[in-house]
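Everything on this sheet refers to the single structure shown next.
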Amino acid sequence: MPRSEPIKAVRGVRDILPADLPVWRAAKSGAEDMARKFGYEEIITPILEKAELIERVGEDTDAVAKELYRFDDRGGRNLALRPEATAGVVRAYFEGLLNQGPQPSRLYLFGPMFRYDRPQKGRYRQFFQFNAEAIGSGAAGLDAEVVELAHSWLAAVGLGDLRLELNSIGDAKCRPAYLERLKAYYRPLKSQLHGDCQLRLEKNPLRLLDCKVPQCQPFKAGAPRVTDFLCDECSAHWAAVRRLLDAASIEYQHNPYLVRGLDYYTRTVFEFYPGGATGQQDALASGGRYDGLAEELGWPATPGVGFAGGLDRVTELMAAKGEDGAASPPADVLVLPDGDLAVEAAEVARICRAARAVAVDYEPKSLRAKMRSANKLGARWVVLLSVEDAARRVAQLRDMTSGDQTELAWDELPIHFV
RNA sequence: GUGGCUAUAGCUCAGUAGGCAGAGCACCAGAUUGUGGAUCUGGGUGUCGCGGGUUCAAGUCCCGCUAGCCACCCCA
């Protein structure tokens, strides 16, 4: 036994083990297939970004203010592990000159994100997202498109029973006036709000709307609704998005209190939840429009819209519904050498790999034990190699399903794996 | 960041009222003079998560820490 504590994984992160991967592959290929059907191209951006890139877009959000993995590298650069992908994708869109091609640029991305949260069911410090972003157009058609893409993906992986919540939070033109009305409404109530909300009142009043503390609930109903104060353009956009979703037969609920966690959203915001939702850690996908983001990062003002889907939660639900992909044995053929025949066994395996996935059992165990593990691994064939066989360059091929066993020359083996 | 529950063999867990550390599974070997699945038999030295404390005696009681699970918060 070890003298000291064995080294374990970092808190809040986890391994996705071979047995888990069939369902992960299904979730991922479903996403990828759907993104391609919608004309999206894959992009991979770094996990590391300048801390400033992240902080610029969400100073007031938990994900950035409290949960950011931030550190200085050896050169003194202030870096962060990305807590979300959109800022990095927008940065790459400009740096990669995608802004000079046909617009919009339709991009999708898979990768890990990092947030220093307290771990819990469906919430990890390293978690995996599928993102789709349409950058370079303000058309309402794209808002509906990314919603439909997310919806189609979830339906394709067996999670079609969904609740979609939708809202519009206006833009730089109309939101300031609305926020003044909201503050005016809440100021007289300030003493009755809970601590965080008293701070939010002046700093980030929109977040008063999605507060879940019981003592703040009674005041929501009387609060002005952002959708009642949209400017003409935002109002037309909001109507257009809803009309497009209706035409696509995608059901949604208007949630006037949905404001989203990140600061950069404008106009459309949405979240997908599983149908029979009871728990809290259950948002499967969410997103919205971010017309002010590019400018906030110092690039030319450029509209965009997109969403992020949580693969950890999607795979968990898929597994719970029995949607796990079929597990296949790692090798179809297992070579079981007798005694000290490692060189010969490796050669036989090499020959067999022309036709099948082949592994060799090099363990110094009894033949019986090797047969047992071959059986447990689910190998379809076993190639038995004795000293006498090896000298004649033959082997015994055993079909593990039928139990039939025949002697064959090494070179004859591949054509028998059918 | 806050709260509740938990931590004993590779895994899942028992361990009564403080008094010799257990079971099932898995794994290995044998029955079968080296050929899988069934059955039977044999095989356990584990800092009882880490550190302190109480006690003649602590897996068991107390404190701290770490980690896991769950909830709050927040979100994916």
Side-chain angles (χ1 to χ4, degrees), chain A residues 1-14 27 31 58 60-68 82-86 110-131 150 154 194-197 207 210-214 216 258-262 269 271-274 278-287 307-317 334 336-339 361 363-387 389 395-405:
Chain A
M1 280 322 307
R3 299 270 157 105
S4 58
E5 276 291 284
I7 297 172
K8 303 241 185 95
V10 169
R11 178 162 205 209
V13 311
R14 59 178 184 158
D60 293 332
T61 68
D62 283 3
V64 173
K66 303 194 317 209
E67 301 166 3
L68 192 63
R82 62 184 181 192
E84 58 97 34
T86 304
F110 290 103
M113 309 296 156
F114 302 84
R115 292 183 198 175
Y116 193 85
D117 257 6
R118 187 96 172 246
Q120 168 182 346
K121 187 176 188 62
R123 191 172 77 185
Y124 307 94
R125 289 183 174 182
Q126 174 179 273
F127 57 101
F128 292 84
Q129 284 189 342
F130 163 57
N131 275 252
L154 294 169
H194 90 287
D196 274 0
C197 276
R207 305 223 43 139
D210 72 348
C211 178
K212 280 131 197 141
V213 175
C216 301
L258 177 62
V259 300
R260 305 287 296 124
L262 294 159
V269 292
E271 294 185 344
F272 280 97
Y273 293 90
T278 52
Q280 301 298 310
Q281 309 304 319
D282 57 358
L284 293 177
S286 62
F307 78 92
L311 289 169
D312 301 81
R313 292 175 186 178
V314 166
T315 52
E316 197 169 299
L317 270 185
L334 213 55
L336 308 187
D338 180 17
D361 189 338
E363 302 312 308
K365 297 186 299 192
S366 68
L367 180 55
R368 171 189 162 79
K370 290 180 191 175
M371 286 296 290
R372 278 169 55 98
S373 49
N375 186 54
K376 283 195 174 154
L377 284 169
R380 200 166 145 199
W381 294 277
V382 151
V383 176
L384 296 150
L385 195 61
S386 69
V387 175
D389 288 344
Q396 311 299 319
L397 173 64
R398 185 177 179 87
D399 183 319
M400 294 295 277
T401 309
S402 65
D404 296 340
Q405 190 169 315

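In this text, all values refer to a predicted model and were calculated from it rather than measured experimentally. Labels below follow one simple rule: chain letters A, B, ... track the order of the sequence lines, proteins then strands, and each chain is numbered from 1.
- Nearest-nucleotide positions on RNA chain B for A:Lys66 and A:Gly309 put A:Lys66 closer to the 5' end.
- Remark: A:Ser366 is in phosphate contact with B:A29, judged by side-chain N or O atoms under 4.0 Å from OP1 or OP2.
- Proximity of A:Arg11 to A:Arg118: side-chain heavy atoms (C-beta onward) are separated by under 4.5 Å at one or more points.
- With both ends at atom P, the span from B:A31 to B:G24 equals 23 Å, rounded to whole Å.
- Remark: the separation of the C1' atoms in B:C11 and B:G68 is 15 Å, to the nearest Å.
- Between A:Arg207 and B:C75 there is a side-chain polar atom (N or O) within less than 4.0 angstrom of OP1 or OP2.
- Inter-residue side-chain proximity for A:Met400 and A:Leu334 is flagged as unmet; no heavy-atom pair is nearer than 4.5 Å.
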Q: Report the secondary structure of RNA chain B in dot-bracket form, marking unpaired bases with a dot and bases paired to a different strand with |, and treating Watson-Crick or G-U pairs with both distances under 3.5 Å as paired.
A: (((((((..((((.....[..)))).(((((.......))))).....(((((..]....))))))))))))....
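- Computed from coordinates, the A:Glu316 CD to B:C69 C1' distance equals 12 Å when rounded to whole Å.
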Q.
Quick one, A:Arg313 with A:Phe127, criterion side-chain contact (heavy atoms from CB on, under 4.5 Å). Give me CA distance, side-chain angles, the key distance, then yes/no.
A. CA-CA 9 Å; A:Arg313 292 175 186 178; A:Phe127 57 101; over 6 Å; no
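- Counting atom types as modelled, A:Arg398 pairs a side-chain N or O with a base atom of B:G36 as donor and acceptor under 3.5 Å.
- Nearest nucleotide to the A:Met400 side chain, out of B:A76, B:A67, B:G36: B:G36.
- Among the nucleotides B:C75, B:C28, B:C74, the one closest to the side chain of A:Arg372 is B:C28.
- Distances shorter than 4.0 Å separate some side-chain N or O of A:Gln120 from OP1 or OP2 on B:A71.
- Contact annotation for A:Phe130: no contact, since no heavy-atom pair falls under 4.0 Å across all strands.
- Looking at heavy atoms from C-beta onward, A:Arg82 lies in side-chain contact with A:Pro112 at the 4.5 angstrom threshold.
- Between A:Lys121 and B:C70 there is a side-chain polar atom (N or O) within less than 4.0 angstrom of OP1 or OP2.
- Rounding to whole angstrom units, CG of residue A:Asp196 and P of B:C74 are separated by 8 Å.
- You'll find the side chain of A:Gln126 stays beyond 4.5 Å of the side chain of A:Val10, heavy atoms only.
- Comparing the P positions of B:C65 and B:C5 gives an interatomic distance of 15 Å, to the nearest angstrom.
- In this entry the distance linking CD of A:Glu67 with P of B:A76 reads 10 Å, nearest Å.
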Q | Residue pair A:Asp117, A:Arg123: steps toward the salt bridge (charged side-chain N to carboxylate O under 4.0 Å, His left out) verdict | A | CA-CA 8 Å; A:Asp117 257 6; A:Arg123 191 172 77 185; 3.3 Å; yes
Q: Could you go through the side-chain contact (heavy atoms from CB on, under 4.5 Å) check for A:Leu384 and A:Leu367 one step at a time?
A: CA-CA 9 Å; A:Leu384 296 150; A:Leu367 180 55; 3.6 Å; yes
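- Side-chain contact check for A:Lys365 versus A:Arg372: every heavy-atom pair is 4.5 Å or farther apart.
- At a cut-off of 3.5 angstrom, the base of B:U35 holds at least one donor-acceptor pair with the side chain of A:Gln405.
- Here A:Glu84 lies out of heavy-atom contact (under 4.0 Å) with every strand.
- Spacing between atom CZ of A:Phe114 and atom C1' of B:A76 amounts to 14 Å, rounded to whole angstrom units.
- Remark: the separation of the P atoms in B:U16 and B:G49 is 14 Å, to the nearest Å.
- Of the C1' atoms belonging to B:U45 and B:C56, the separation is 26 Å, rounded to the nearest Å.
- A heavy atom closer than 4.0 Å to some atom of RNA chain B occurs in A:Asn375, A:Lys376, these being the qualifying members of residues 373-381 of chain A.
- Nucleotide B:A29 holds its C1' atom 14 Å from the CG atom of A:Leu367, rounded to whole Å.
- For the pair A:Asp210 CG and B:A76 C1', the interatomic distance rounds to 15 Å; values are reported in whole Å.
- Between A:Val314 and A:Leu154, some side-chain heavy-atom pair lies under the 4.5 Å cut-off.
- With B:C75, B:U35, B:A76 as the candidates, the nucleotide lying closest to the side chain of A:Arg123 is B:A76.
- Spacing between B:U54 and B:C62 at atom C1', rounded to whole Å, works out to 7 Å.
- With rounding to whole Å, A:Lys212 atom NZ is found 17 Å from B:U2 atom C1'.
- Whole-Å rounding puts the A:Lys370 NZ to B:A29 P distance at 10 Å.
- Each of A:Ala369 and A:Arg11 was assigned the nucleotide of RNA chain B with the nearest heavy atom; the assignment lying further toward the 5' end belongs to A:Ala369.
- B:A9 and B:G44 have their C1' atoms separated by 7 Å, given to the nearest Å.
- Between B:C20 and B:C48, the two P atoms lie 15 Å apart (nearest whole Å).
- Ion pair A:Glu271/A:Arg260 flagged as a salt bridge, since at least one NZ, NE, NH1 or NH2 atom sits closer than 4.0 Å to an Asp/Glu carboxylate oxygen.
- Checked by distance alone, A:Arg118 brings no side-chain donor or acceptor within 3.5 Å of a matching partner on the base of B:C69.
- Interface remark: the A:Arg368 side chain does not form any donor-acceptor pair with the B:U35 base, using a distance-only criterion of under 3.5 Å.
- Judged by ring centres under 5.5 Å apart and planes tilted less than 30 degrees, A:Phe128 fails to stack against the six-membered base ring of B:A76.
- Across all strands shown, A:Leu284 has heavy atoms under 4.0 Å from sugar-phosphate atoms exclusively, and none from any base.
- At least one side-chain heavy atom of A:Arg380 sits less than 4.5 Å from a side-chain heavy atom of A:Thr401.
- By the 4.5 Å heavy-atom criterion applied to side chains, A:Glu67 and A:Pro83 are not counted as neighbours.
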